[in-house]
**Student:** 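Once you've had a glance at the structure underneath, I'll fire off some questions.
All of these numbers come straight from a predicted model, not from anything done at the bench.
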Amino acid sequence: MTDFSIQYNPRMIDLAAGLNPEQQQALNVGLGPVLVLAGPGSGKTRVLTHRIAHLISNLAVNPYSILAVTFTNKAAKEMNARVEALLGGRPRGLTLGTFHSICARLLRVEVEHLPFNQNFVIYDSDDQVALVRNALKELNIDDKMHRPGGVHARISAAKNDLLLPEDMPLTNYRDEVVARVYARYQQMLMASNAVDFDDLLLWTAKLLDDNAAVRKKYAQRFEHVLVDEFQDTNLAQYALLKHLASFHRNIYVVGDTDQSIYRWRGADYRNVLRFEEDFPDSQVILLEQNYRSTQRILDAAMAVIDRNPHRTRKQLFTERGGGQKITLHKALNEQGAGRFIVETIAMAVAKKEAKPGDFAIMYRINAQSRLIEEAFLHANLPYKLVGAQRFYGRREVKDVLCYLRLAYNPSDEASFGRVINVPPRRIGIKAQANLRALALQDKTTPGMLLIRIGDNPQDPIFAGMSSTTLQAMTPIGAMLSKWHALCKETETMPLMDRILADVNYHDYLLAEGDQEEGEDRWENVQELRKLASEYKGRSISEFLETITLVSDQDTIAETAEVPTLLTLHAAKGLEYPVVFIAGLDDGTLPHSRSHDDPEEMAEERRLFYVGITRAKDRLILIHNLYRNSFGYAEAVEPSRFLDDLPDEVIDGGNAARLEHPYRPDRWSAPERGPAAVTQQYRPGMSVRHAEWGEGMVLNSRIQDDDEVVDIFFQAVGLKKVMAAFAKLETVEKDEAK
């Protein structure tokens with residue numbers, strides 16, 4: 001690490017000015033281990049940076065003896081800027097940065113103890129997956145059965161848990177495969193004098209654990225260790241922090257277990273519990289005064305999060321007053337929710353009650369943005385998307401659209417170039433170049449030539465091609481030929497389904513990275529399928545043209561004063577005057593993957609809590625009565641988290657919780673007038689649906705001027721449909737039979 005042997009002349013600064021009593025306690029707390037549990041909007045970054053300045057200026061601690069770590073470069077820059085502003089200049093020698101950057105510096109200094117050289121390179125994500133692919137090939141392991149992305153995700157998780165290949169538990173054949181690939185992967189990294197991102201943490205933690213001299217050197221040097229967002233640390237990060245604080249024991253961690261929402265990345269909120277166990281003499285300080293939200297918003301957030309176990313409760317309060325009550329809006333479906341959001345924003349801006357940039361629309365998964373984006377586009381209102389690409393610009397969506405375009409027009413070279421090797425088919429750049437050269441020679445296009453390969457690989461024109469290239473291209477050529485023929489006789493969604501099945505795209509997405517990311521990408525594909533289902537009776541060309549016009553909208557600059565669309569995960573650390581949280585339906589938030597896993601369910605609750613606490617002045621929660629299930633309306637259940645909200649914080653109180661068709665006993669219903677629709681279906685009736693075939697009515701009820709019918713279909717099981725949309729036929733059974 002760089003030598004910062006300098007003299008520092010501290011000057012006393014009144015750093016307590018403007019801090020509340022709890023913040024002052026956190027600032028002036030004595031030496032030893034300190035745990036600051038900071039509620040949302042409670043000024044945790046302010047406290048942490050003031051503490052650093054306090055150590056340097058008022059306690060005369062040499063900056064060289066201070067280590068402060070956080071998770072992102074953005075957070076590190078902000079902390080550095082605040083410390084400099086407080087001290088009136090840069091404190092030379094202070095080590096403040098991300099975990100990964102600090103570990104990389106330490107490893108280069110201590111490289112003599114490590115199995116690589118000082119000029120080691122750090123492989124990025126693409127490099128890592130490519131290396132796993134090579135390892136699979138060397139070990140003669142089928143990369144279709146064990147996808148490189150999926151294997152790499154398992155290796156990454158093992159490293160975060162400080163497990164080397166020989167340490168991995170082997171409970172099944174897949175575990176054995178991953179361990180073998182992991183071992184070979186590490187050998188190949190070392191042969192290339194390279195490390196991956198996880199190695200930066202793993203090697204540092206192992207070095208400090210195994211080498212007493214190195215551990216003593218850094219533990220003695222860093223008199224004070226300060227950590228931001230402590231709840232997001234993984235096991236490797238926690239281990240190296242313990243080692244670095246083992247001599248002076250002045251470890252000062254700031255975090256909030258209630259905002260731990262990155263379990264899928266390896267973050268473990270239980271490190272807060274481990275901290276209290278490993279440092280039983282630690283001083284615990286709660287920061288409960290919120291400077292962001294109104295009290296009603298905080299009351300709603302506390303009501304949601306208090307249901308989670310294994311946490312230290314915080315009584316959040318503010319001096320901003322009660323504020324507006326929370327709006328609980330029942331939308332008919334996702335399209336209706338999008339229109340409601342746009343109309344609410346447009347009205348508030350027209351009345352000059354708010355500026356466009358005051359609004360944020362949050363949702364659980366990226367796929368939910370599509371219909372919201374389309375509502376903005378339809379109203380000709382600009383917006384910006386944070387933390388993800390626009391829906392039609394997402395990789396998996398573009399892949400599927402390019403497949404459709406290529407099937408419709410095999411001469412589309414841009415689409416050909418995108419999907420020819422997606423999923424991987426061992427059709428490399430050289431093979432593609434040879435095909436293009438041959439197409440040019442034959443005065444055709446690569447796509448049309450690929451169809452000829454699929455139809456007749458023995459054609460003399462391909463005599464100059466290697467057998468390996470022909471073997472790789474023949475299957476995709478045959479599929480393209482079949483898809484192109486289908487374009488003349490089928491509609492968009494059946495063709496899309498055929499393509500997805502033929503290329504096994506679902507398994508490809510799951511294998512590309514961790515399980516949750518793959519499922520999120522697949523949900524985006526499903527969202528595209530839903531859109532395709534709306535083009536029944538319309539041509540594929542019409543579908544593609546519509547998509548092109550939408551996806552070609554001008555992008556909005558990041559600094560534009562426009563409403564912001566973002567996932568709840570991306571919202572962490574942000575704040576907005578007005579927040580919409582859309583799609584509060586069971587199965588979406590909480591996500592269906594969490595229903596059988598208490599830990600996952602607790603994290604879903606934390607995710608909702610984070611979303612609620614982003615709102616400063618107004619919070620609008622939206623749930624849907626129905627979702628579009630490929631052209632048919634299916635009833636959905638409102639998020640169970642909405643049950644936790646106190647009536648007194650909701651606009652309209654209990655009356656806002658309108659009866660829901662999925663569970664009429666879920667929320668009590670207000671009094672209403674006589675139904676305008678007569679029930680047509682009764683339990684036991686046989687009906688026929690155009691797509692799902694015959695079924696039996698189990699129950700029916702009038703809801704929102706329509707009849708909602710529960711039907712068990714022999715082909716697809718239980719469905720809940722709106723009679724007006726489903727176009728059911730009554731089936732008369734022959735009693736004699």
**Student:** State, without any angle test, whether D198 and S156 hold a side-chain donor-acceptor pair at a distance under 3.5 Å.
**Tutor:**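 The criterion, which ignores hydrogens and geometry beyond distance, is satisfied for S156 and D198.
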**Student:** Could you give the distance from CG (L385) to OG1 (T564), rounded to the nearest 0.5 Å?
**Tutor:**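 Interatomic distance, L385 CG to T564 OG1, rounded to 0.5 Å: 9.0 Å.
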**Student:** Are any side-chain N or O atoms of E519 and backbone N or O atoms of L510, one a donor and one an acceptor, separated by less than 3.5 Å?
**Tutor:**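 The answer is no, because no donor-acceptor pair under 3.5 Å joins these two groups.
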**Student:** May I ask you to say whether D586 pairs ionically with R640, meaning some side-chain N is under 4.0 Å from a carboxylate O?
**Tutor:**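 Yes, this pair counts.
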**Student:** Side chain of T613, backbone of V610: donor and acceptor closer than 3.5 Å?
**Tutor:**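 Indeed, once roles are kept as given, a pair shorter than 3.5 Å links the two residues.
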**Student:** Rounded to the nearest 0.5 Å, how far apart are CE of M493 and CD1 of I540?
**Tutor:**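 It comes to 12.5 Å.
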**Student:** Listed by chain and number, what are the salt bridge (charged side-chain N to carboxylate O under 4.0 Å, His left out) partners of E523, not counting sequence neighbours?
**Tutor:**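 Per chain and number, E523 pairs via salt bridge (charged side-chain N to carboxylate O under 4.0 Å, His left out) with no residue.
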**Student:** Restricting to non-hydrogen atoms, name the atom on P590 and the atom on H595 that form the minimum distance, rounded to 0.1 Å.
**Tutor:**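 For P590 and H595, the tightest heavy-atom pair comes out as O-NE2, 3.6 Å.
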**Student:** Give the minimum heavy-atom separation between S411 and T445, together with the two atoms involved.
**Tutor:**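 Residues S411 and T445, closest heavy atoms: OG-OG1, 3.3 Å.
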**Student:** Is it the case that the side chains of R394 and S369 hold a donor-acceptor pair, with the cut-off being a distance below 3.5 Å and no angle test?
**Tutor:**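 Yes, a side-chain donor-acceptor pair sits under 3.5 Å.
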**Student:** Test salt bridge (Lys or Arg N to Asp or Glu O under 4.0 Å) on R364 and E604 and set out the steps.
**Tutor:** CA-CA 9 Å; R364 172 63 177 84; E604 292 292 297; 2.9 Å; yes
**Student:** Are any of the side-chain nitrogens in K530 or E534 under 4.0 Å away from the carboxylate oxygens of its partner?
**Tutor:**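 Judged by the 4.0 Å cut-off on N to carboxylate O distance, K530 and E534 do not form a salt bridge.
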**Student:** Would the number of heavy atoms belonging to other residues, nucleotides or ligands and lying under 6.0 Å from CG of N172 be above 12?
**Tutor:**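 Count over threshold, so yes.
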**Student:** Tell me if a side-chain donor or acceptor on E396 pairs with a main-chain N or O of V525 at a distance below 3.5 Å.
**Tutor:**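 Side chain of E396 to backbone of V525: no pair is present.
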**Student:** As an exercise, state the distance from CG of D497 to OG of S533, rounded to the nearest 0.5 Å.
**Tutor:**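 The OG atom of S533 is 10.0 Å from CG of D497, to the nearest 0.5 Å.
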**Student:** So for atom CZ, which belongs to R426, do other residues, nucleotides or ligands contribute more than 12 heavy atoms lying within a distance under 6.0 Å?
**Tutor:**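 No, CZ of R426 has 12 or fewer neighbouring heavy atoms, counting only those of other groups under 6.0 Å.
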**Student:** For R627, does the CZ atom have more than 12 heavy-atom neighbours from other residues, nucleotides or ligands under 6.0 Å away?
**Tutor:**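 It does not: R627 CZ has 12 such atoms or fewer within range.
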**Student:** Please report the shortest heavy-atom distance between R133 and P424, naming the atom on each side.
**Tutor:**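 Shortest heavy-atom contact: NH2-CG, 4.2 Å.
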**Student:** Look at the side chain of Q368 and the backbone N and O of Y363, then say whether any donor-acceptor pair between them is shorter than 3.5 Å.
**Tutor:**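 Between the backbone of Y363 and the side chain of Q368 there is no qualifying donor-acceptor contact (under 3.5 Å).
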**Student:** Can you name the side-chain contact (heavy atoms from CB on, under 4.5 Å) partners of C402, sequence neighbours left out?
**Tutor:**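 side-chain contact (heavy atoms from CB on, under 4.5 Å) check on C402 returns S415, R418, V419.
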**Student:** Is the distance from the ring center of Y408 to that of W483 below 6.0 Å?
**Tutor:**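 Ring centres of W483 and Y408 not closer than 6.0 Å.
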**Student:** When rounded to the nearest 0.5 angstrom, what is the spacing between CD1 in I499 and NZ in K482?
**Tutor:**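 Here the interatomic distance stands at 10.0 Å.
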**Student:** Using 0.5 Å steps for rounding, measure from the CG atom of L401 to the CG atom of L406.
**Tutor:**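 Taking CG in L401 and CG in L406, the distance rounds to 12.5 Å.
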**Student:** Assess, by modelled atom type and distance only, whether the side chains of Y535 and E491 contain a donor and an acceptor separated by less than 3.5 Å.
**Tutor:**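 Note: Y535 and E491 side chains miss the donor-acceptor criterion.
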**Student:** Taking all non-hydrogen atoms of both residues, which atom of R147 and which atom of L136 are closest, and how far apart?
**Tutor:**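 Shortest heavy-atom separation between R147 and L136 comes out as C-CD1, 4.5 Å.
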**Student:** Salt-bridged, D143 to K137, with N to O below 4.0 Å?
**Tutor:**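 Answer for the salt bridge query: no.
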**Student:** Rounded to the nearest 0.5 Å, how far does CG of D597 lie from CD of E603?
**Tutor:**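 With rounding to 0.5 Å, CD (E603) is 10.0 Å from CG (D597).
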**Student:** Can you check side chain to side chain donor-acceptor pair (under 3.5 Å) on N624 and D585, steps first, answer last?
**Tutor:** CA-CA 7 Å; N624 305 308; D585 312 317; 3.0 Å; yes
**Student:** Side chains of N524 and N366 only: does a donor on one sit below 3.5 Å from an acceptor on the other?
**Tutor:**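 N366 and N524 do not have a side-chain donor-acceptor pair below 3.5 Å.
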**Student:** Can a donor-acceptor pair be found, under 3.5 Å and without considering hydrogens, that links the side chain of R605 to the backbone of V304?
**Tutor:**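 Yes, the answer is positive, given that a donor and an acceptor are paired below the 3.5 Å cut-off.
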**Student:** Using 30° and 60° as the class boundaries, would you call the ring planes of F641 and F608 parallel, tilted or perpendicular?
**Tutor:**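 Rings of F641 and F608: parallel, under 30°.
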**Student:** Is it true that D502 and R498 make a salt bridge, defined as a side-chain N closer than 4.0 Å to a carboxylate O?
**Tutor:**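 Looking at D502 and R498, the cut-off is met.
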**Student:** Name the atoms and distances for all side-chain donor-acceptor pairs under 3.5 Å in residues 570-583, with sequence neighbours left out.
**Tutor:**
residue	atom	partner	partner atom	Å
K572	NZ	D232	OD2	3.1
K572	NZ	Q259	O	3.4
E575	OE1	R292	NE	2.9

**Student:** Between H146 and R174, is any side-chain donor less than 3.5 angstrom from a side-chain acceptor?
**Tutor:**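 Yes - a donor-acceptor pair under 3.5 Å links their side chains.
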**Student:** Taking A602's backbone N and O only, do any of them form a donor-acceptor pair with N308's side chain (distance below 3.5 Å, no angle check)?
**Tutor:**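 At least one qualifying donor-acceptor pair exists.
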**Student:** Please work out whether the ring planes of W692 and H689 are parallel, tilted or perpendicular, with thresholds of 30° and 60°.
**Tutor:**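 Because their plane-to-plane angle is under 30°, the rings of W692 and H689 count as parallel.
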**Student:** Does any part of the side chain of H569, heavy atoms only, come nearer than 4.5 Å to the side chain of Y262, both counted from C-beta?
**Tutor:**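 Answer yes - side chains close enough.
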**Student:** Would you check if the side chain of R425 reaches a backbone N or O of I420 as a donor-acceptor pair within less than 3.5 Å?
**Tutor:**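 Here the side-chain-to-backbone pair exists.
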**Student:** State whether R618 and D358 are salt-bridged, where the test is any N-O pair (Lys NZ or Arg NE/NH1/NH2 against Asp/Glu carboxylate O) under 4.0 Å.
**Tutor:**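 Salt bridge flag = no for D358 with R618.
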**Student:** Could you walk me through whether H329 and F340 satisfy the side chain to side chain contact (heavy atoms under 4.5 Å, CB included) test, starting with their C-alpha distance in whole Å, then the side-chain angles of each, then the deciding distance to 0.1 Å, before giving a yes or no?
**Tutor:** CA-CA 9 Å; H329 178 75; F340 167 75; 3.5 Å; yes
**Student:** Check the orientation of H506 and W522. Use parallel for under 30°, tilted for 30 to 60°, and perpendicular for over 60°.
**Tutor:**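 Plane angle between 30° and 60°, so tilted.
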**Student:** State, to 0.1 Å, how close N421 and I427 come at their nearest heavy-atom pair, and which atoms those are.
**Tutor:**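 Residues N421 and I427, closest heavy atoms: OD1-N, 3.1 Å.
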**Student:** Would you say H378 has more than 12 foreign heavy atoms packed within less than 6.0 Å of its NE2?
**Tutor:**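 Not buried by this count: 12 neighbours or fewer within 6.0 Å.
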**Student:** Give a yes or no answer on whether the side chain of S639 reaches the backbone of L589 with a donor-acceptor pair at less than 3.5 Å.
**Tutor:**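 Here the side-chain-to-backbone pair exists.
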**Student:** Could you tell me whether D507 and K144 have a side-chain N and a carboxylate O separated by less than 4.0 Å?
**Tutor:**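 Salt bridge: no.
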**Student:** Do the side chain of H484 and the main chain of A407 share a donor and acceptor less than 3.5 angstrom apart?
**Tutor:**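 At least one qualifying donor-acceptor pair exists.
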**Student:** Would you check if the distance from the ring center of Y185 to the ring center of Y182 is below 6.0 Å?
**Tutor:**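 They do not qualify: ring centres at least 6.0 Å apart.
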